[in-house]
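Proteins come first, then strands; the chains are lettered A, B, ... in the order of their sequence lines, and each starts at number 1. Quantities reported herein were computed from a predicted structural model and do not represent experimental measurements.
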Protein chains: 2
Amino acid sequence: MGQKGTATRARILTATQELVETGGYFSAGLNQVIAASGAPRGSLYFHFPDGKDQLVGESIRRAGQAMGDAFADLAESSASAAEFVEGVLRHLADRLEESGWQKGCPVATVALEMAGASDPLQQACSEVYTSWAAALRARLEGRPDADDLAVTILALIEGALLLAKAHRSREPLDRVTGQLRALLR
Amino acid sequence: MGQKGTATRARILTATQELVETGGYFSAGLNQVIAASGAPRGSLYFHFPDGKDQLVGESIRRAGQAMGDAFADLAESSASAAEFVEGVLRHLADRLEESGWQKGCPVATVALEMAGASDPLQQACSEVYTSWAAALRARLEGRPDADDLAVTILALIEGALLLAKAHRSREPLDRVTGQLRALLR
DNA sequence: GAAAATATGTAGACCGATCTATTTAGGAGT
DNA sequence: ACTCCTAAATAGATCGGTCTACATATTTTC
């Protein structure tokens, strides 16, 4: 693939990612993807011959990877597990607020929309969540209940992010942050 | 409104509720609502003259009320706050599994889809969440951090429900249940 | 209390817009 | 020169929404 091809492919994916994150699968209309990315319709089906599901699937995995990288950075610069999770929550709250309450979890909306409709997309979402749980778990090494705790913290983060977006306020994320220590004691 | 009219209105709402809960706003196509409820298109716009947003809005508030009632029943039959929340989690897990991983939170999908698109629907979702948080809070009376705790538990429930639907497994709900005591200590 | 008049609800054809996807032809990159 | 990629027209399905004709209750009138 030539350089230009790679670039437009990336531009299409980024645009899709952004639209999906804002309003889910159905808000990412192909016309909007085209408009937002500047790529023509033909390129879309050249780079993603299996159509919209492939496009959304790849963009979800890509967003999952990006979020995982952000977690890794935060993990490295945190002294404790509690500090790490607080950093994640703060990061997500900032991102959500700065985007005008648009950018919450890049996977959640599609996960809920497609859980009963598209097996490939359901699996993509499931895998992203599994990878995030593993990343959290790695920061809890040594605890006897690390697995349970990792899933619980992930649920807490996802739930708080959902409530924050629904209320258009970072209050839920802040309240949850305050309760974290009880969980990580 | 005559009896027959009231009945079809209810049938339309129930069908919408079910479709929305399964796959969100866009999965509840008006054609599917018509097919599922048996009501003709004309009746739909007779009973809901403001169109789809009114229909979905009412069905969300209705679902929120129903869930709130279920909470109230569980609250009455529980000896402690921990027992109550565990009961809620078990109830939700059963409901989700029995529906073939379709029926999670009846509000979450629309909340995420419409947070940045439709003000009336965003507000409807926000209000339902507020009412649920208040119901949880009522069961935590006396604790100094009851407000924070109620929101945290609601986030935990919503997050676990999201993960469970995404993975098509009750494992996240079960793991979270195990960690609850640490939070409610 | 029967007939007329009005309100309530049902039924489905139809509209323009928008959706994803396909096709075909030719320009750009290397 | 040859592949890679773009570009736009178009197909066919489905979307939410509107419209008119019809049926069924419910009230009014005499």
Side-chain angles (χ1 to χ4, degrees), chain A residues 1-20 22-60 109-110 113-114 116-121 124, chain B residues 1-20 22-60 109-110 113-114 116-121 124:
Chain A
M1 181 147 46
Q3 292 183 357
K4 186 169 183 192
T6 313
T8 46
R9 191 179 208 278
R11 263 175 32 235
I12 293 174
L13 274 178
T14 313
T16 307
Q17 231 172 290
E18 217 139 306
L19 288 165
V20 162
T22 298
Y25 183 91
F26 299 100
S27 295
L30 260 30
N31 290 326
Q32 312 201 36
V33 171
I34 287 165
S37 68
R41 189 173 227 74
S43 308
L44 206 162
Y45 280 94
F46 175 81
H47 291 291
F48 306 92
D50 288 343
K52 187 173 180 179
D53 279 21
Q54 181 191 358
L55 177 61
V56 173
E58 284 197 33
S59 89
I60 278 180
T109 316
V110 177
E113 286 176 321
M114 304 312 256
S118 161
D119 284 354
L121 284 179
Chain B
M1 183 147 46
Q3 293 184 358
K4 188 171 179 189
T6 313
T8 45
R9 191 178 207 279
R11 264 176 29 237
I12 293 174
L13 272 179
T14 314
T16 307
Q17 231 172 289
E18 218 140 303
L19 288 164
V20 161
T22 299
Y25 183 91
F26 299 99
S27 295
L30 260 31
N31 290 326
Q32 312 202 35
V33 171
I34 287 165
S37 68
R41 203 172 200 74
S43 305
L44 205 162
Y45 279 93
F46 176 81
H47 291 290
F48 305 91
D50 288 343
K52 188 173 180 180
D53 279 21
Q54 182 190 359
L55 176 62
V56 173
E58 283 198 33
S59 89
I60 278 180
T109 315
V110 176
E113 286 176 319
M114 305 312 257
S118 161
D119 284 354
L121 284 179

Between A:Ser37 and A:Ile12, does the side chain to side chain contact (heavy atoms under 4.5 Å, CB included) criterion hold? Intermediate values first, please. CA-CA 5 Å; A:Ser37 68; A:Ile12 293 174; 4.0 Å; yes
Note: A:Val20 and A:Ser59 closest approach over all heavy atoms is CG2-OG, 4.4 Å
For atom CD1 of B:Ile34 and atom P of C:dT10, their distance in whole Å: 13 Å
Atom-to-atom span, NE2 of A:His47 to C1' of C:dA21 - whole angstrom: 17 Å
With sequence neighbours left out, the residues meeting ring-ring contact (aromatic ring centres under 6.0 Å, His included) with A:Phe26 are B:Phe26
For A:Ser43 and D:dT6, is the shortest distance between a side-chain N/O and OP1 or OP2 below 4.0 Å? yes
Could you run down nucleotides 15-22 of chain D 5' to 3' and tag each one B, S or - for protein heavy-atom contact under 4.0 Å? SBBB----
Is the shortest side-chain heavy-atom distance between A:Phe48 and A:Arg9 below 4.5 Å? yes
Taking only the side-chain nitrogens and oxygens of B:Thr8, find out if one of them lies under 4.0 Å from OP1 or OP2 of C:dG9. no
Rounded at 0.5 Å granularity, tell me how far OG1 in B:Thr109 sits from CE in A:Met114. 12.0 Å
Nearest 0.5 Å please: distance from the CD1 atom of A:Ile60 over to the CG atom of A:Leu13. 11.5 Å
Rounded to whole Å, CZ of A:Phe48 lies from C1' of C:dT20 at a distance of 15 Å
Nearest whole angstrom, please: distance from the P of C:dA25 to the CZ of A:Phe46. 18 Å
